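None of these values were measured; they are calculated from a predicted model.
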Amino acid sequence: SLAMSELGRACGHFAEYTRRRLARDGLRRVFIYGAPAYREVAQGVAKALGEAGVGASVEPLEHLRRIESVYDNDFLVVFNEHFDDISAVLKSKPDFLRRHWRNAFKLTGMGEHFPEVFSHAPEAIAGFTARVRDVLNFAPDIRYRNPGGTDLAVGGRASKDMTVIDGIQG
C-alpha cells in the first residue's frame, strides 16, 4: 500500500541517518525504545538497519526505565509521544545519561508525521542544509511575509549553529 511504502521509505532514511552516526562514532549496536504508537516505525527502522548489516533490537519504551548500563559502542533510539513519558527516566539516571545520552536519537511527539519528516533521502537533506547555511552566510537575516498575515524574521547573525540529523554534521 501507499502508506506502507511511504513508511518503509521513511524508516529506510532514518536507518541511514542512524547507520552514518554509528560509522562516524564507531558505534556497533542499536537499541530502539518505542511507545506503543511507534511500534510499526520501530520495527521498520530495525528491519532497515538489519538489511544494512546493523544489529538492532526493539524494546517497549517502559524498558528504558530499567536500563542500567549500555556498552560505550551502543546507540539508543527513543520514540515517545510526550516528554513526560521519559522525564522520570531522565531524572532517575543522571550519571548514566550524562555518559550515554549523546549516543542517542530522541524523537518526541512525531506520531503519524514520521513518514513525512523522513520522506527525503539523507543526501537531499544534506543538500538542503548546505543551501540554508550558504544563505545564512550570504544574507544572515531572513524575513518571510505572506498575504495571510505571517511575518517571520530570522536573525542568523546571533547563531549559525544548526542541529541536523544526518549523522555526519550532527
Under the side chain to side chain contact (heavy atoms under 4.5 Å, CB included) rule, what do Val45 and Ile32 come out as? Steps first, then yes or no, please.
CA-CA 9 Å; Val45 170; Ile32 303 170; 3.9 Å; yes
Looking only at side chains, do Tyr38 and Glu81 share a donor and an acceptor under 3.5 Å apart?
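Indeed, the side chains of Tyr38 and Glu81 share at least one donor-acceptor pair under 3.5 Å.
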Nearest 0.5 Å, please: how far is [atom2] in [Y] from [atom1] in [X]?
X: Tyr17; Y: Leu22; atom1: OH; atom2: CG; result: 15.0 Å
X: Leu49; Y: Arg29; atom1: CG; atom2: CZ; result: 14.0 Å
X: Asp151; Y: Arg145; atom1: CG; atom2: CZ; result: 4.5 Å
X: Ser57; Y: His63; atom1: OG; atom2: NE2; result: 11.0 Å

Please examine the side chains of [Y] and [X], heavy atoms only from C-beta on, and report whether any two atoms are closer than 4.5 Å.
X: Lys47; Y: Cys11; value: no
X: Leu76; Y: Asn103; value: no
X: His13; Y: Ser119; value: no
X: Val54; Y: Thr18; value: no
X: Met110; Y: Val117; value: yes
X: Phe31; Y: Val58; value: no
X: Phe79; Y: Leu61; value: no
X: Val41; Y: Phe118; value: no

Over all atoms of both residues, closest heavy-atom pair of Pro115 and Glu112
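It is CD-O, 3.3 Å.
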Does the ring centre of Phe75 sit less than 6.0 Å away from the ring centre of Phe105?
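So the answer is yes for these two rings.
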So, does Thr150 use its side chain to make a donor-acceptor pair with the main chain of Asn146 at under 3.5 Å?
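Not a single qualifying donor-acceptor pair exists.
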Side chain of Asp25, backbone of Leu27: donor and acceptor closer than 3.5 Å?
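It does not hold such a pair.
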Go through the steps for Glu40 and Leu7 under the test side chain to side chain contact (heavy atoms under 4.5 Å, CB included), then give the verdict.
CA-CA 9 Å; Glu40 192 175 8; Leu7 179 59; 3.5 Å; yes
Apply side chain to side chain contact (heavy atoms under 4.5 Å, CB included) to residues Leu107 and Val78 and explain how you reach the verdict.
CA-CA 6 Å; Leu107 289 91; Val78 180; over 6 Å; no
Which is it for Arg9 and Glu116 under the salt bridge (Lys or Arg N to Asp or Glu O under 4.0 Å) test, yes or no, and what are the steps along the way?
CA-CA 10 Å; Arg9 186 178 324 109; Glu116 179 184 354; over 6 Å; no
